[in-house]
Number of protein chains: 2
Amino acid sequence: MREGPDIARIASLVGDPARANMLSALMGGTALTASELALEAGVSLPTASSHLSKLMEGGLLTLASQGRHRYYGLAGPQVAGMIEAITGVAASVGPQRVRPGPRDAAMRVARVCYDHLAGEQAVAMLDRLVDKQLLLREDKEIRLAPAAASHFAAIGIDVQAKPRRPVCRACLDWSVRRSHLAGTLGAAILDKILAEKWARREKDSRAVVFSPVGRQAFEKVFLA
Amino acid sequence: MREGPDIARIASLVGDPARANMLSALMGGTALTASELALEAGVSLPTASSHLSKLMEGGLLTLASQGRHRYYGLAGPQVAGMIEAITGVAASVGPQRVRPGPRDAAMRVARVCYDHLAGEQAVAMLDRLVDKQLLLREDKEIRLAPAAASHFAAIGIDVQAKPRRPVCRACLDWSVRRSHLAGTLGAAILDKILAEKWARREKDSRAVVFSPVGRQAFEKVFLA
DNA sequence: ATAATGCTTCGATGAGGAATGAACTATGCG
DNA sequence: CGCATAGTTCATTCCTCATCGAAGCATTAT
């Protein structure tokens with residue numbers, strides 16, 4: 001019989017699909033609320049709450065209470081490194097997708113990620129917004145630059161309001177393996193894309209398909 | 001809902017105490033039979049066999065059949081790195097062991113990590129190699145400096161050959177919480193240490209114990 | 001051959017834990 | 001104060017999966 005650090009205890013915490021999804025969501029580096037994490041994991045709020053207390057007890061998470069909001073975040077870089085290591089193994093032994101079909105191709109270009117845009121388009125957009133100094137990338141976090149308010153106001157997006165959810169969030173794109181923009185700003189931009197009918201959602205899929213005209217408009221506004 | 005690599009599947013494989021013990025035992029680097037692993041894990045042979053087939057199916061182990069013996073080993077350095085990362089988290093959040101026994105002290109100084117050296121000695125060695133500008137630390141990666149080839153050749157280690165595995169890799173040390181050297185170079189150095197009989201492996205443990213003479217030789221070559 | 005060893009498969013049992021709705025607590029707003 | 005939102009706790013149901021004994025294969029020894 002072996003002794004030493006209880007690795008089974010830690011691994012089994014990550015070994016539940018709901019908890020694994022929560023931890024993956026937190027790999028963005030931003031703390032999230034219990035409801036957001038419940039959504040990410042696809043479970044009810046009580047279930048999420050139960051998982052979160054287990055993760056807390058296991059020392060994998062930190063908790064910051066602000067008013068009636070409770071923000072959960074990864075306990076530290078060491079935990080993040082562990083998740084990364086597990087993800088690496090899972091990706092390398094995982095079922096290499098047999099062949100990306102046409103739907104998958106569309107998914108890689110643009111798709112919905114919960115409430116914001118993901119895929120190549122989304123990654124390019126975030127890069128461009130940072131280039132134009134409208135957003136500031138700080139380590140794994142993203143902040144609004146001073147110039148952002150007026151710029152986004154001009155295209156009908158208000159970034160001044162203080163909602164319960166962070167305005168900007170980095171979300172790791174699983175197809176491109178780089179970050180795209182989440183948070184309320186990311187959500188507002190997706191709303192605009194759909195409201196302006198620049199693109200439509202594929203039926204029963206997360207894919208987002210731009211029309212030729214819509215793509216031009218999108219590029220003019222966000223990739224110029 | 002998240003997508004991507006199935007990290008829960010991998011983590012849950014490690015999340016069972018019996019399987020975790022088996023994997024820990026295999027971190028010693030030597031392949032073991034099912035009976036030996038059953039003993040390590042403290043379960044019956046049928047139970048162990050069942051666990052082993054799950055680990056195989058998950059791609060975490062390799063199997064080498066020799067006659068009526070079947071030797072199980074870790075599937076590769078990536079898997080070993082993952083176990084090490086989980087061990088690190090478990091050690092830091094876990095109930096700080098009441099009192100580190102003598103074996104633990106030896107483990108902290110020097111131990112085998114799959115196929116290379118870990119512990120205080122290993123961390124000090126990497127620091128020194130970087131100081132001497134034989135290795136270049138870049139972010140989380142490690143590269144060979146131009147001067148490396150001739151230096152290592154002089155002590156009988158060839159870093160020119162292009163293997164499929166990286167020559168240098170950083171591996172986070174769970175006891176010191178800093179990186180040590182993995183990769184083919186790390187493995188070659190451990191080989192040399194054991195071949196020169198500077199140190200011997202503790203029986204039934206991952207600890208590596210240097211002899212007084214061996215330590216001097218090691219320090220002269222790698223810590224000078 | 002027959003026996004012995006090493007290991008896997010099968011079948012039955014049992015315990016842990018993941019899930020949810022409903023009830024409860026806490027904070028914020030008008 | 002009363003209402004709404006955010007979150008936790010509770011009790012219950014359900015199901016997966018770890019476990020072991022017994023039996024079945026496969027390889028080596030005699």
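So you know, we letter chains A, B, ... as the sequences are listed, proteins then strands, and number each from 1. Please read these numbers as outputs of a predicted model, since none were measured by experiment.
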Requested in this report: Please report, rounded to the nearest Å, how far the P atom of D/dC17 is from the CG atom of B/L55.
Outcome: 14 Å
Query raised in the report: If you check every side-chain atom of A/K54, which of D/dT9, D/dT19, C/dA18 has the closest atom?
Result: C/dA18
Query raised in the report: Hey, is the side chain of A/S49 poking within less than 4.0 Å of OP1 or OP2 on D/dT8, counting only N and O atoms?
Result: yes
**Report entry** Ion pair check, B/E84 and B/R111, cut-off under 4.0 Å
**Finding:** yes
Query raised in the report: From C/dT8, D/dG7, D/dT19, pick the nucleotide closest to the side chain of B/V43?
Result: D/dT19
Report summary line: Taken to the nearest whole Å, CE/B/M22 to C1'/D/dA18 is 12 Å
Query - Minimum-distance nucleotide to A/L45 side chain [options: D/dA18, C/dT8, D/dG7] - result: D/dG7
Report summary line: Rounded to whole Å, the CE-P distance (B/M56 to C/dT9) equals 11 Å
Query raised in the report: Under the 3.5 angstrom rule, does the side chain of A/S49 hit a backbone N or O of A/L45 as a donor-acceptor pair?
Result: no
Requested in this report: Return the orientation label for the A/F218 and A/W198 ring planes: parallel under 30°, perpendicular over 60°, tilted otherwise.
Outcome: perpendicular
Query raised in the report: In terms of side-chain heavy atoms of A/H51, which of C/dA18, C/dA19, D/dA18 is nearest?
Result: C/dA19
Report summary line: For A/A48 and A/A38, the nearest pair of non-hydrogen atoms, with its separation, is CB-CB, 3.6 Å
Query raised in the report: Given atom CG of A/L32 and atom C1' of D/dA6, what is their separation to the nearest angstrom?
Result: 15 Å
**Report entry** Between D/dC17 (C1') and B/L52 (CG): distance, integer Å
**Finding:** 16 Å
Query raised in the report: D/dT19, D/dG7, C/dA18: which one has an atom nearest the side-chain heavy atoms of A/R19?
Result: C/dA18
Query - Among C/dG21, C/dA19, D/dT19, the nucleotide that comes nearest once only the side chain of B/A18 is considered - result: D/dT19
Query - Rounded distance in Å - CG (A/L37) to C1' (D/dA6) - result: 13 Å
Requested in this report: State whether A/S44 places a side-chain N or O below 4.0 Å from either non-bridging phosphate oxygen (OP1 or OP2) of C/dA19.
Outcome: no
Requested in this report: Please tell me which of the listed nucleotides, C/dG21, C/dA19, D/dG7, lies nearest to the side chain of A/S35?
Outcome: D/dG7
Query raised in the report: Are A/I189 and A/M125 close enough that some pair of their side-chain heavy atoms sits under 4.5 Å apart?
Result: yes
Query - Touch class at under 4.0 angstrom, heavy-atom based, for B/T33 against every strand present - result: sugar-phosphate
Query raised in the report: Given D/dT27, is OP1 or OP2 found less than 4.0 Å from the side-chain N or O atoms of B/R70?
Result: no
Query raised in the report: Nearest to the side chain of A/D16, which nucleotide is it out of D/dT19, C/dA18, C/dT8?
Result: C/dA18
**Report entry** Whole-Å gap separating P (C/dT8) and CG (B/L61)
**Finding:** 12 Å
Report task. State whether B/Y72 places a side-chain N or O below 4.0 Å from either non-bridging phosphate oxygen (OP1 or OP2) of C/dG6. Result -> no
Report summary line: Among D/dT19, D/dT8, D/dC20, the one nearest any side-chain atom of B/S50 is D/dT19
**Report entry** Any donor-acceptor pair under 3.5 Å from B/T47 side chain to B/V43 backbone
**Finding:** no
